[in-house]
Amino acid sequence: MAISDVQFFQGWKQVLGMCNLKPGEQVTILTSDDSNPQIASMARLAASDIGAVVSVLNLAPMNGEKAISRDKSGYIGKTPLEGNSAALACLKASDMVIDTIQLLFSKEQEEVLKTGARMLLAVEPPEVMMRMIPTPEDKARVLAAAKKIGAAKKMTVTSAAGTDFSCDIGQYPVLTQYGLADEPGRWDHWPSCFAATWPNEESAEGTIVIDEGDILLPFKMYAREPVTVTIEKGVIRDIKGGFDAEFMRKFMESFNDPRAYAMAHVGWGLHTRAHWTVLGLYNPEAQLGMDARSFAGNFLWSSGPNTEAGGDRDVPCHLDIPLRNCSLSLDGEAMTRNGEVVNADQR
Ligand SMILES: O=c1ccc(O)c[nH]1
C-alpha cells in the first residue's frame, strides 16, 4: 500500500533533520525519467521547508541499450554524469545530494563525496522507506558492528548448509549503512542497516553455499535449491548447482568481464524492521531489495565492484547475496550464530 504525501513529507523532514540539513545549505535532488516522483517531490518540499537552497537536476536515463535488467543495481557504475561536466559541477557544489537514480559504485559518486558533499540514495518504494525510517538506534547498532569490523583481521563464516568461508580484512574501509547521510562526505541509502567491508585482495577463500530460501540480487529470486560457490584467492572460481546456479553463471558471463567474479563487500544485516519475506511480496521490478540486504542476522556477501571502498574495480556486474542461518565471526568472536545477531549492542 502507498504512503500519503503528508506522511512521506513528514518522513523526509525527519530524515533530513537527522542528516543535519541546515537552512541555507545547498541541496540538489538528482532525478531521471525513471525516478519515483513522490520521492523527488517530497524530498524537494521537505528540504525547502527546512530552508535549504534546493535545485532539481534531471538527467537522461542511460544503459537501456546495454543492461539486461531494469533494476538499478542490475547494471551499475555507469551513470548519466559521465561526460556531463555541468551536472557534476552542480553536485560538487552541493552540501547534500539526494540521489533518486543510483550513482552507487560510480567514480562520479566518489568524486562528489570527496568535495565533502553528503549523499543520500533514495530509490525504494516510499512505504518501504517509511517502514524502515532510520533511527538513532539503527545507527548505534551499525556503529557497534563497524567497531568490531574495524578492529578485526579475519572474518570467518560457516553454516549447516556447508558454507565455510574466510577472508582477511583491514585493507579496505568499513562500510556502514544506517540510512543517514549525516556527516560531510558520507554516503548512505535510506533504507538500510548493515555493516560490511571488502576482503583484503586475494585473501577470500572457501565455499559459500547459497541454501534454499537464500536471496539472489539483483535477480530478486529466492534460491530453490543449493548453489555451491567456490572462492580462491578472492575470486569466484566455480558456481555449482541446478537452475539457480546456471542463472547466476549466465548472468555473470553476459558481462564478459573477469572482474565480475571478484569478491566484494561482506558483512551482516542489522535491520530489526526489515523482513526476509518482503522480496516475495513485491513485483520484482518494484524495489531494489533493501529488506533482503538489511534483515537482521543475514550474511550479506557480494561480487564485483570495489569503487565504493576506494578501489578501481568498476565492473558493472554486481550481485548481492544475503544468506540466512550463517555464523559469522571476527577473529573468532561470534557476530551472528545461525542467522541471529549475537551481541546485545547490535540487537
Ligand atoms: O544500499 C546498497 C545497495 C547495494 C549494495 O551493494 C550496497 N548497498
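Atoms within a ligand are numbered from 1 in the order they appear, just like the ligands themselves. A quick note: this is a predicted structure, and the numbers were derived from the prediction, not measured.
For Phe247 and Phe243, the gap between ring centers is short of 6.0 Å.
A cation-pi arrangement is present between Arg186 and Tyr178 under the rule of less than 6.0 angstrom and at most 45 degrees off the ring axis.
Between Trp12 atom CH2 and Asp5 atom CG the span is 13.5 Å, to the nearest 0.5 Å.
Look at Glu285 and Lys72 and you find no salt bridge, because none of the NZ, NE, NH1 or NH2 atoms lies under 4.0 Å from a carboxylate O. A salt bridge links Lys220 with Asp71: the closest approach of a Lys/Arg side-chain nitrogen to an acidic carboxylate oxygen falls below 4.0 angstrom.
Evaluation of the ring-ring contact (aromatic ring centres under 6.0 Å, His included) test over residues 81-119, restricted to residues two or more places apart or in two chains, returns Phe105-His318.
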Are there any protein N or O atoms under 3.5 Å from the N or O atoms of ligand 1? List them with distances, or say none.
unit_1: ligand 1; atom_1: 1 (O); unit_2: Gln177; atom_2: NE2; d: 3.0
unit_1: ligand 1; atom_1: 1 (O); unit_2: His189; atom_2: ND1; d: 2.7
unit_1: ligand 1; atom_1: 6 (O); unit_2: His265; atom_2: NE2; d: 2.9
unit_1: ligand 1; atom_1: 6 (O); unit_2: His318; atom_2: NE2; d: 2.6
unit_1: ligand 1; atom_1: 6 (O); unit_2: Asp320; atom_2: OD1; d: 3.1
unit_1: ligand 1; atom_1: 6 (O); unit_2: Asp320; atom_2: OD2; d: 2.8
unit_1: ligand 1; atom_1: 8 (N); unit_2: Gln177; atom_2: OE1; d: 2.7

